[in-house]
There are 2 protein chains.
Amino acid sequence: MNDSKNISIKDVAKHANVSTATVSHVINGTRFVSEETKRKVHQAMDDLNYRINSVARSLRSRKSHVIAFLAPILASETSNYFFMSVAAGIQSVLKQHQYHLVLSDSHEEEQFESNEIRMLGSQMIDGLIMAPASRELDYERLFGDYPVVYLDRVPNNSYRDFVVVDNKTVSKEAVQMLIGNGHKRIAYISGPHTLTTTEERHAGYLEALSEAGLAADSELISIGEVSLNSGYKITESLLKQQPTAIFVTDNVMAMGVMFYLQEKKISVPEQIAVIAYDEFQWTRITSPPLTVIEQPAFELGVKAAEVMLERIDDPEAPMQEHRLTANLIVRHSS
Amino acid sequence: MNDSKNISIKDVAKHANVSTATVSHVINGTRFVSEETKRKVHQAMDDLNYRINSVARSLRSRKSHVIAFLAPILASETSNYFFMSVAAGIQSVLKQHQYHLVLSDSHEEEQFESNEIRMLGSQMIDGLIMAPASRELDYERLFGDYPVVYLDRVPNNSYRDFVVVDNKTVSKEAVQMLIGNGHKRIAYISGPHTLTTTEERHAGYLEALSEAGLAADSELISIGEVSLNSGYKITESLLKQQPTAIFVTDNVMAMGVMFYLQEKKISVPEQIAVIAYDEFQWTRITSPPLTVIEQPAFELGVKAAEVMLERIDDPEAPMQEHRLTANLIVRHSS
DNA sequence: AGCCTCCACGTAAACGTTTACATAGCTTTA
DNA sequence: TAAAGCTATGTAAACGTTTACGTGGAGGCT
């Protein structure tokens, strides 16, 4: 079944009576080769069942055609699937350019993350797209000699390309809608503010409040761990403050919120209104269907990949900074 | 910021006054080196900010330390997140053994899949774990010279290691429970039977029926595209057949089922009972929470990775076939 | 003292490509 | 017809490791 020997370009060359250079050029179309010679080479490759050794190619050409994506991507109790959609977007453009995608999981944890960056080594990847787990860490000293594009979040003092979501504007818009509907006591539930994203969402919330002349009540703001249970517990304790609406900036925590409200038969939006982050299919089958902020996850990936490819193409080009706008999908929970 | 030159093992050797062999052995711990020399080498590596070139290493050692996972993995309208959990499982064991994971998306489509296998090339990966999109395709002629472990599904005539879920037993168990609760008209909703998994689930359904002396009514069996909308539509038309229970073997289609039932205010389980496949967090926040079949997704990945590592270790060892048992989680929809 | 063993390390080939440089034969030009 | 140019291909170095083999010297043994 398996060819016991490994067929190299040399074997092909010998079998076709040409030089290795010619074979290489036939494979890559990198210089003119007569039709007749091409035919012979292809014939030889077929005969021998030749497969190119991409490792050798990478070594010599100093290009691996691999892009890594480092993010809290893999499924776990506390993960939402936002970054999966991002990965799909990245994949879709890389594929068109014959690039591979390596997914690395950061666990949203600095230690894991640093480790992964190290494992990626130097010549293994041509570029790194990452959603940094920390704002404070000095990533620069971890990186190898490849371009880096930040996605979704940006660490402090970065001079790199980045592609993020305009979280502040859409969060403000969501809260403004709640205010417009007459809500004055709007609770805010979020994961830790260690990320630029959560910061921005918080800022949008605050700005909407203040512009409407509403005071921010710190009793209504609850920061917690990102998990369903955490969302559940926070909702329970927050309700003692008698909010009339909840703005929850994390998808997984939102499940906890809905779990609690449903279990306690608290009717939405009559007794309390809810707006959550992220549009996933499950948000359509709660009762009532949720009003959510839809982040352009796929497009985020697409844009980041495009930026990466351009950066590889021209390392000296000016830095790119993209802020994609998110979308408020109004359903029946608000 | 970036070191303009690429530091190689030669530079380190020169700087430390030793040979490249010694540096290599220090890095890999592959033969004795005196403490003093080790110190010098480490010092030199730090001074020069040396990073190993894993491509060159792979070329020479003929090991890439990369395992690919090929499955319909990335998010899209029709994808469920089952394989993400699997990937997490694979990742967890590979990481412990210093292996990398490359995720490839098959789109559940033979053409894409074949393409991906080709792109993986020959020396790029040390092994391939895959959930084949087809039972019929002759995968053997696509593979390179690496071990392959099938996961979740197995193509016809395969002689490879595989790790799957015992779908038949658990499906039978689920249907038996419905029967035990007095149901006689149990609808069956599923994606296309092109996979061994769906076949097995169907077989379990049928066997439970026949062992209970119930006739299988083909009007109650509906095969359709895997999507929320498809699930919605199928439920709509299936209800005309007056089933008292629904067994839906796909997570995404299950959302469609619940969407329809909720929209039409059909109460579960009073008017109709529901059992669905796959335990995800959203199944806990429907009303009522769903009775589901929990596939050991993470464990599937773990086992597949373990099998792969053993296979790499000993290519001649006897083939391994693992069937993991799934779990019926009884909540309030049945 | 001669020989052997062991210790700690060095030398250089090899992995399979890509690619700068070279070249043989033919055609064109003056 | 000699020089020049073009066409199609060949030669061999280089990419950065790993590793089989070799070696100088210190110490032990007889």
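Residue numbers start from 1 in every chain, and the chains themselves are labelled A, B, ... in the order their sequence lines are given, proteins ahead of strands. Keep in mind it's a predicted model, so treat the numbers as computed, not measured.
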Side chain proximity check, [X] to [Y], heavy atoms < 4.5 angstrom:
X        : Y        : answer
B:Tyr99  : B:Asp126 : yes
B:Phe69  : B:Met130 : no
B:Gln295 : B:Leu300 : no
A:Asn115 : A:Gln111 : no

Could you tell me the separation between the [atom1] atom of [X] and the [atom2] atom of [N], rounded to a whole number of Å?
X       : N      : atom1 : atom2 : value
A:Arg57 : C:dT19 : CZ    : P     : 10 Å
B:Ile27 : D:dG16 : CD1   : C1'   : 11 Å
B:Ile9  : D:dT17 : CD1   : C1'   : 6 Å
A:Arg60 : C:dT18 : CZ    : P     : 9 Å

For a quick check of understanding: with a heavy-atom distance under 4.0 Å over all strands, which category does [X] fall into, base, sugar-phosphate or nothing?
X       : result
B:Arg31 : base
B:Thr22 : sugar-phosphate
B:Thr30 : nothing
B:Val33 : sugar-phosphate
A:Val18 : sugar-phosphate
A:Ser8  : sugar-phosphate
B:Asn17 : sugar-phosphate

Item to check | Minimum-distance nucleotide (side-chain atoms of B:Asn28 versus D:dT18, D:dA12, C:dC9) | outcome: D:dT18

Checklist outcome for this item: When A:Phe32 and A:Ala21 are each assigned the nearest nucleotide of DNA chain D, the 5'-most assignment goes to A:Phe32

